[in-house]
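Not measured: the values here are computed from a predicted model.
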Amino acid sequence: MTGELDLEDRRALRRVAGLSTELTDVTEVEYRALRLERVVLVGVWTEGTAEEAENSLRELALLAETAGSQVLEGLSQRRTRPDAATYIGSGKAAELRDIVISTGADTVICDGELAPSQLRHLEEIVQVKVIDRTALILDIFAQHAKSREGKAQVELAQLDYLLPRLRGWGGNLSRQVGGRAAGGVGIGGRGPGETKIELDRRRIRTRMAKLRRQIGEMAKSRDTKRGERRRNAVPAVAIAGYTNAGKSSLLNRLTGAGVLVENALFATLDPTVRRAETPSGRTYTLADTVGFVRHLPHQLVEAFRSTLEEVTDAGLILHVVDGSDADPEAQLEAVRVVLREIGADSIPEIVVINKADAADDLTLARLQRREPHSVVVSARTGQGMDELRALIERDLPGLEREFHGVVPYARGDLVAQVHDRGEVIKQEHVAEGTVLHARVPADLAGDLERYVEQTVTTS
C-alpha cells in the first residue's frame, strides 16, 4: 500500500555517524531520531471560556509535536486583546524569558498570527526564535507535501507569509553608500540604489508569480478530469473535515484506496479521488481533501484553492468530525468557516461522526441531536458503514427523473446505461423487452422518452 510505505518512510530512523574521534571501526554508528526542537507554547485568551483556551493550546501542542518538536511548557494569558508590541505585554514577555532559560527551550510558539513587529520585539526580549501558529502550520505542510502540485502550493503559501516579514540586519539593510556621510567612501563607492531587502522582495514576488503559473497549469489537468466525470454524469462526493478526524481512514474503508493513515495532524495533504459504488451499484467518485483547523492560514486557503475545488464541485459533502475530541462542536464550526470562505456552504452535507469506538456515548448523543442529518461510524472497526453507504445513496445528486417503461432488447445499450448511471428499482423481462423502473439523470431520461409508460419528476 502506498500509504503504508509513506508512513514507514516518515517514521524511519536516520543514520548518524558516531561523533567520537576514538572510534577504531568506521562501521560504528548510532541510530537515533533527529534532534527535536524544545519549545514553550504561549497563548492569549481574549474570548470564550477557559476550557476553550486550554483546548486551543492543547491543539497547538499537537501541531508542535507533529512538526517534530518537544513541548516543555504551555502558558496562557487572559487579555482583552493581544499587546500591539509584544503580543503578551512586556512584563509577561520578561516572565516568559525566565521560563525559557529555566526549561532550556530554544523556540517559543505563539497561538495566533503575529505581526512582523510583534515577532521582532518578542524575540529581542526572550532571545530565542519565536514563531506563530501560521508559520508552524506552514512548516507541517512543507514536511508532508508529496506531489509536485502540493509542494508548489505550500511554497507559494510560505512565500506569501514570508514577504511582509523579511528583515534586514546590520550591513544587509542597505547597499547605498557614498560621500562623506557614508564614511568617506567617495566617488565610485555608491551602491546600485537598491537595498538588499528590496532585492529579496523582488525575487520572492518573481518566484510567487512563477508558482502561480505552475499551479494554474497543473489545475488544468484536475479540471479536465472533473469535466470528464461531469460529462459522464458521475456524481462527486467530497470528504471534508477537521485534520486528524479520520478522513483518509474513511476513504480507505469505503473504497480500499490504501492512502496514508497516521495519528497526526495534516498527515495527508494531496487530494485523492477514488471510484466507489452505492449498495445498489451506482457509481460515484469519492475525494479526500486537505484537513482544516481552527484559524487555518488564509495563505493556505488561497494557495490550495485549486485543490479545494474538489469540494466546491462536489454534489455532496461528507463532513467528518472526531467524536472523541474534547470539543467536536468547535471542529464543526471551524470547518464550516472555511467552507463558507470557498463558497461550498450551500452544498448538501452528511455529518459523519467518526471514532465511535473511542467516543463517549453522551457526546455522540449530543452531536446527533445537534446535527439531525448525521451518522455515527468508526472507520477503524467498520461500525456504521452500511448506514453511511445508504445515506450516500439516498442523497447522491443527479437522479432527477423516475422512469417506468419497456426498453426493446435491441436497445440493450440503454439498459446498460441505466444500470451504470442510474438506480434500478425494479427490472423484469417480457416478450417486448426489458421492463424497467429506475431513477436516471435528466439527459438519459431524454434518450428513454420514447419507451416511457410514465415519467415522474422526483424531488
Side-chain angles (χ1 to χ4, degrees), residues 36-46 53 56-57 59-61 63-101 103-143 154-174 195-201 203-205 208 293-303:
L36 301 179
E37 283 191 65
R38 297 161 58 84
V39 303
V40 171
L41 312 178
V42 59
V44 172
W45 167 29
T46 59
S56 181
L57 210 61
E59 183 177 89
L60 186 68
L63 288 167
E65 290 169 0
T66 301
S69 301
Q70 179 183 357
V71 179
L72 304 177
E73 189 70 76
L75 310 168
S76 181
Q77 184 195 13
R78 185 75 168 95
R79 294 179 65 96
T80 56
R81 68 174 73 87
D83 182 68
T86 61
Y87 182 64
I88 56 175
S90 57
K92 295 298 181 183
E95 292 181 27
L96 178 62
R97 168 63 179 161
D98 295 336
I99 293 172
V100 167
I101 293 173
T103 58
D106 48 33
T107 304
V108 170
I109 304 178
C110 299
D111 190 18
E113 184 168 344
L114 274 62
S117 59
Q118 289 174 315
L119 285 170
R120 183 170 63 253
H121 291 152
L122 194 55
E123 276 188 352
E124 289 173 355
I125 296 173
V126 299
Q127 293 296 300
V128 294
K129 180 174 66 176
V130 177
I131 64 173
D132 58 16
R133 184 188 182 94
T134 299
L136 177 61
I137 294 174
L138 290 174
D139 184 75
I140 296 171
F141 270 59
Q143 290 180 37
V154 172
E155 184 182 354
L156 177 60
Q158 287 180 311
L159 292 176
D160 188 29
Y161 172 81
L162 176 64
L163 186 59
R165 290 169 173 80
L166 281 180
R167 285 182 276 173
W169 190 261
N172 290 332
L173 281 172
S174 175
T195 63
K196 171 81 163 52
I197 199 168
E198 288 170 345
L199 186 63
D200 290 342
R201 283 175 180 155
R203 287 174 174 166
I204 287 177
R205 290 191 184 101
M208 288 173 68
V293 73
R294 294 180 186 91
H295 314 300
L296 188 69
H298 68 90
Q299 294 95 340
L300 283 172
V301 176
E302 287 301 318

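Only one option out of D132, V42, V39 pairs with I109 in a side chain to side chain contact (heavy atoms under 4.5 Å, CB included); it is V39.
For residues 83-92, the set of pairs meeting the salt bridge (charged side-chain N to carboxylate O under 4.0 Å, His left out) definition, not counting sequence neighbours, comprises R79-D83, K92-E95. The salt bridge (charged side-chain N to carboxylate O under 4.0 Å, His left out) contacts involving residues 108-118 comprise D111-R133, E113-R165, where partners must be two or more places apart or lie in separate chains.
Side-chain contact between L41 and L75 is absent, with no heavy-atom pair separated by less than 4.5 Å. The side-chain heavy atoms of L138 and V154, taken from C-beta on, include no pair separated by under 4.5 Å. When side chains are defined from C-beta on, C110 counts as touching L122, because their heavy atoms get closer than 4.5 Å. Here the side chains of E37 and Q70 are not in contact, with every heavy-atom distance at 4.5 Å or above. No side-chain heavy atom of V128 sits under 4.5 Å from any side-chain heavy atom of T107. Within the 4.5 Å cutoff, the side chain of L63 has no heavy atoms near those of the T66 side chain.
V293 and E59 make their closest contact through CG2-OE1, 3.4 Å (heavy atoms, listed as atom of the first residue, atom of the second, distance). Of all the heavy atoms in A67 and Q143, the pair that sits closest is O-NE2, 3.0 Å. Of all heavy-atom pairs between M208 and L159, the closest is CG-CB, 3.7 Å. Closest approach of A53 and S76 over heavy atoms only: CB-OG, 4.4 Å. Residues A64 and V71 share a closest heavy-atom pair of CB-CG2, 4.0 Å. Of all heavy-atom pairs spanning H121 and T86, the tightest one is CB-CG2, 4.0 Å.
Note that NZ of K129 is 12.0 Å distant from CG of L119, once rounded to the nearest 0.5 Å. A distance of 10.0 Å separates CD in E73 from CG in L96, rounded to the nearest 0.5 Å. In this structure, F141 CZ and L136 CG are separated by 11.0 Å, a value rounded to the nearest 0.5 Å. To the nearest 0.5 angstrom, R203 atom CZ is 14.0 Å from R201 atom CZ. Between atom OG of residue S69 and atom CD1 of residue I131 there is a gap of 7.0 Å, rounded to the nearest 0.5 Å. Separation of atoms OH (Y87) and CD (Q77) is listed at 9.5 Å; rounding is to 0.5 Å.
With sequence neighbours excluded, the residues that form a side chain to side chain contact (heavy atoms under 4.5 Å, CB included) with T103 are V40, L72, I99, A105.
The 12-atom threshold is not exceeded at CZ of R81, counting heavy atoms of other residues, nucleotides or ligands nearer than 6.0 Å.
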